[in-house]
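Report on one structure; see the data block that follows.
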Amino acid sequence: MTLATESFPLAFEQRPTASAVEEAKREEILANPGFGKHFTDHMVAIDWTIDDGWHDARVQPYGPLQLDPASSVLHYGQEIFEGLKAYRHADGSVWTFRPDKNAERFQRSARRLALPELSVEDFLESLRQITAADIDWVPSGDDTSLYLRPFMIANESFLGVRAAQKVGYYVIASPAGAYFSGGVKPVSIWLSTQYTRAGRGGTGAAKCGGNYAASLLPQQEAAENGCAQVLFLDAETGAHIEELGGMNIFFVHKDKRIVTPELTGSILEGVTRDSIIQLAEDRGYTVDQRPVTVEDWRRGMESGEITEVFACGTAAVITPIGELKTSEFSIGSADAEPGALTMSLRRELTDIQYGRVDDRHGWLVRLDG
Ligand SMILES: *Cc1c(COP(=O)(O)O)cnc(C)c1O
């Protein structure tokens, strides 16, 4: 691979839109943004070819991509993505949370999907560029944010099966409302026994679209059974709990202990997961990363050893889990109250993200100014 002509770090050309959404319309959207429905005026784009490396970094008007129908992403799914948020603080400044973690994970995902790596520095700069261009799109309401979606696709027109030699990196941004608008409520989750999300040596640890495509059918099964999310077991033994379709899982035990499935290579390493482990340890909890079975969960609930269960990820932060449903039995109860530690960790994490408490771990990175 030739990287010689690549300049480092990349300089971004500005190509501002001539048709930004009108202020009144934007304010209307920001008052009730929902999730992933509305997009800002601009996007970041960077091209990569095997001969020229990364080049033509730019901020351009948001709009459809032109893709040749033979583009490899459309046939072989060579795609990765990230998800993180820009938070507006009370003084108007805009920050994001541990973006270096996302940048590094994006590099690991790229390696697994045989895509070129983008430097951490260029990834971070792309976040600053989109945020600066669309700063007025960062909402300021409670628990609102501007969701940033970096992604990379193989866009070489070639049907041969090999890593593409032409790739595009993009960042789009979408204002996001409070995930739980009517207060945080425990969800019921469905245990998928027929389908798995990832196998040994597969792409489970990479954030790639294909993993999500594979989780949609089990997700439908969950919905048919009245559940908000699906829980996956490991493919090898079918005994160990891995994670939800897009969130990691934690078990709060009595006596200041917390358990979460250990990273096996088929579990996605969440930034929220890592942050919760740190915050719990700061509070004097012992955090065990080890295999957990459904039987452990059932027995732990019966004996009172497990007191709370929650899921976590960037979009919802922390979601209490009230109940696990399976085709044969259920654990817990759908109308349980959210656990005290669950809610307290949720509060602490969001307090850090929104600048309401001291950022003692230096997790925040300023995106404006
Ligand atoms: C993104 C993702 C998570 C959560 O990761 P965060 O970095 O905490 O947002 C968990 N599981 C899967 C499968 C994911 O794709």
Side-chain angles (χ1 to χ4, degrees), residues 35-36 77 79-87 96-110 112-113 120 123-124 127 143 145-152 174 176 179 187 189-190 192 195-199 202-219 222 228-235 240-250 260-280 287 289 292 309-319 321 342 345-346 348-350 352-353 361 363-365:
F35 181 81
E79 187 267 0
I80 57 170
F81 67 96
E82 271 303 326
L84 63 172
K85 288 172 168 175
Y87 307 92
T96 191
F97 182 74
R98 309 188 76 186
D100 47 310
K101 285 273 178 196
N102 298 85
E104 286 160 10
R105 185 170 69 191
F106 199 58
Q107 291 187 327
R108 294 196 297 276
S109 299
R112 183 62 185 86
L113 273 287
V120 169
F123 181 92
L124 298 184
L127 305 181
D143 280 339
S145 60
L146 183 63
Y147 184 78
L148 305 175
R149 168 53 61 86
F151 63 105
M152 197 191 290
S174 173
Y179 196 89
V187 296
I189 64 174
W190 176 252
S192 176
Y195 307 105
T196 57
R197 195 192 144 266
T203 56
K207 214 168 172 74
C208 64
N211 290 342
Y212 277 69
S215 74
L216 298 178
L217 180 62
Q219 178 68 38
Q229 290 283 337
V230 58
L231 178 71
F232 291 103
L233 300 171
D234 77 295
H240 299 121
I241 290 169
E242 294 213 309
E243 61 173 316
L244 280 66
M247 284 192 274
N248 297 115
I249 189 165
F250 280 84
T260 190
E262 66 182 336
L263 300 173
T264 53
S266 47
I267 294 177
L268 194 290
E269 184 176 357
V271 178
T272 320
R273 175 186 183 277
D274 187 75
S275 309
I276 286 167
I277 291 172
Q278 181 68 59
L279 294 181
V287 183
Q289 300 185 49
V292 185
V309 186
F310 63 83
C312 69
T314 297
V317 193
I318 288 180
T319 304
I321 296 174
T342 301
L345 284 170
R346 184 176 210 285
E348 184 176 10
L349 196 50
T350 52
I352 294 171
Q353 291 167 337
H361 292 290
W363 282 342
L364 297 184
V365 172

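Values below: every heavy atom of this structure, side chains too, minus hydrogens, waters and symmetry copies. Counting starts at 1 for both ligands and their atoms, in listed order.
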In Å and rounded to the nearest 0.5 Å, what is the [atom1] to [atom2] distance from [X] to [Y]?
| X | Y | atom1 | atom2 | result |
| --- | --- | --- | --- | --- |
| Ile277 | Leu345 | CD1 | CG | 11.5 Å |
| Glu242 | Asn248 | CD | CG | 10.5 Å |
| Asp274 | Gln278 | CG | CD | 7.5 Å |

Quick one: which ligand 1 atoms are inside 4.0 Å of a heavy atom on [X]?
| X | value |
| --- | --- |
| Arg197 | 13 (C) |
| Gly270 | 5 (O), 6 (P), 7 (O), 8 (O) |
| Arg105 | 5 (O), 6 (P), 7 (O) |
| Gly245 | 13 (C) |
| Thr314 | 6 (P), 7 (O), 8 (O), 9 (O) |
| Glu243 | 10 (C), 11 (N), 12 (C), 13 (C) |

What protein heavy atom is closest to [atom], reported as residue, atom name and distance in Å?
| atom | answer |
| --- | --- |
| atom 4 (C) of ligand 1 | Gly246 O, 3.8 Å |
| atom 8 (O) of ligand 1 | Thr272 OG1, 2.6 Å |
| atom 1 (C) of ligand 1 | Lys207 NZ, 1.4 Å |

- prompt: So, are Glu82 and Arg105 salt-bridged, with charged N and O less than 4.0 Å apart?
  reply: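 A salt bridge links Glu82 with Arg105.
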field: Electrostatic pair Glu243:Arg273 at N-O distance under 4.0 angstrom
entry: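 No, Glu243 and Arg273 are not salt-bridged.
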Ligand 1-proximal atoms of Lys101, by part, heavy-atom distance under 4.0 Å: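 Neither; no heavy atom under 4.0 Å.
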Ring pair (Phe, Tyr, Trp, His ring centres under 6.0 Å) partner of Phe81, the single match among Phe151, Phe106, Tyr147, Tyr212: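 Output: one option passes, namely Tyr212.
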query: Do Ser192 side-chain atoms and Leu231 backbone N/O form a donor-acceptor pair below 3.5 Å?
result: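 Flag not set: sc Ser192 to bb Leu231 has no pair under 3.5 Å.
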query: Counting heavy atoms only, which of Leu268, Ile249, Asn248, Val271 comes nearest to atom 6 (P) of ligand 1?
result: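 Checking each option, the heavy atom nearest atom 6 (P) of ligand 1 is found in Val271.
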message: Let's go through Tyr87 and Phe97 carefully: what are the C-alpha distance in whole Å and the side-chain angles of both, what is the deciding distance for ring pair (Phe, Tyr, Trp, His ring centres under 6.0 Å) to 0.1 Å, and is it a yes or a no?
response: CA-CA 8 Å; Tyr87 307 92; Phe97 182 74; 7.1 Å; no
